[in-house]
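Quick note on labels: first sequence line is chain A, next is B, and so on, each numbered from 1. All heavy atoms count here, side chains included; hydrogens, waters and symmetry mates do not.
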Amino acid sequence: MPPKKKKEEKLRIVTPSGKRDQSFFDLVYEVVRQIPYGRITSYGAVAACLGAKSSARMVGWAMNGSHRVRPKVPAHRVVNRNGMLSGKFHFGTPTAMENLLKKEGIQVKDDRVIDFKKLFWDPADELGV
DNA sequence: ACGCTGACTATTA
DNA sequence: CTAATAGCCAGCG
């Protein structure tokens, strides 16, 4: 028999503590995954789409665990209301987020997205909410 | 169980 | 324009 390993990595969505959770976090991940290539959105927009516009912080916290979620969540496409890469420090390297955005054709200057307004993708609009 | 922290946002000075 | 403050709510020590 094959040896094994494997562990219980079958966890899907998980909270930062590592336990399964299907609440707000899961919804956030799904919405963020809908962000098309070369587009970006804000925490507040996602939160508002979920009916919790006042809980933008929770969206940001959800992103904190996005790295361990499958499929991968394009957290680099989520920035704050000013188009600033507030979460760049939470990636592998401080430049990873900026690098990824530039790779998708998004211009970044001084930790801020150029034409943020133009590239902004409203989840409520695409999800028909 | 209580209190602090935080990848946010809006308001006010 | 920048700075400070309040509201928000889940996770962690």
When rounded to whole Å, the CG to C1' distance for the pair A/Asn80 and B/dA7 reads 9 Å

With a 4.0 Å cut-off on heavy atoms, is A/His67 in touch with a base, just the backbone sugar-phosphate, or nothing at all?
-> base

To the nearest Å, give me how far apart NE2 (A/His90) and P (C/dG11) are.
-> 17 Å

Nearest-Å distance for atom pair CE/P, residues A/Met63 and C/dG11 | 15 Å

Which is true for A/Phe89 with a 4.0 Å heavy-atom rule: it touches a base, it touches only sugar-phosphate, or it touches nothing?
-> nothing

ILVMFWY cluster, A/Val32 and A/Phe25 together (side-chain gap under 4.5 Å) = yes

What does A/Ala75 touch in the nucleic acid at a heavy-atom separation under 4.0 angstrom: a base, only the sugar-phosphate, or nothing?
-> base

Quick one: is A/Ser54 getting a side-chain N or O under 4.0 Å of the B/dT9 phosphate, OP1 or OP2?
-> no

First locate atom OH of A/Tyr29, then atom CZ of A/Phe24, and finally report the distance between them rounded to the nearest 0.5 Å.
-> 10.5 Å

Select one nucleotide: of B/dT9, B/dA7, C/dA10, the one nearest the side-chain heavy atoms of A/Phe25.
-> C/dA10

Does any donor-acceptor pair link the side chain of A/Arg57 with the base of C/dC8 at a separation under 3.5 Å?
-> yes

To the nearest 0.5 Å, what is the distance between CZ (A/Arg77) and CD (A/Gln34)?
-> 11.0 Å

Where the side chain of A/Ser55 is defined as all heavy atoms beyond and including C-beta, which of B/dC8, C/dC8, B/dG6 is the nearest nucleotide?
-> C/dC8

Atom CE of A/Met58 to atom P of C/dG11: distance rounded to whole Å?
-> 9 Å

Rounded distance (Å) that lies between atom C1' of C/dA10 and atom CG of A/Leu27 = 15 Å

Euclidean distance, atom CG of residue A/Asn82 to atom C1' of B/dT11 [Å, nearest integer] | 14 Å

Spacing between A/Lys53 atom NZ and C/dC8 atom P, to the nearest angstrom | 10 Å

Any chance the side chains of A/Glu98 and A/His76 put a donor and an acceptor closer than 3.5 Å?
-> no

Could A/Arg39 and A/Glu104 be called an ion pair, given the rule that one side-chain N must be under 4.0 Å from one carboxylate O?
-> no

Rounded to whole angstroms, how far apart are CZ on A/Arg81 and P on B/dC8?
-> 14 Å

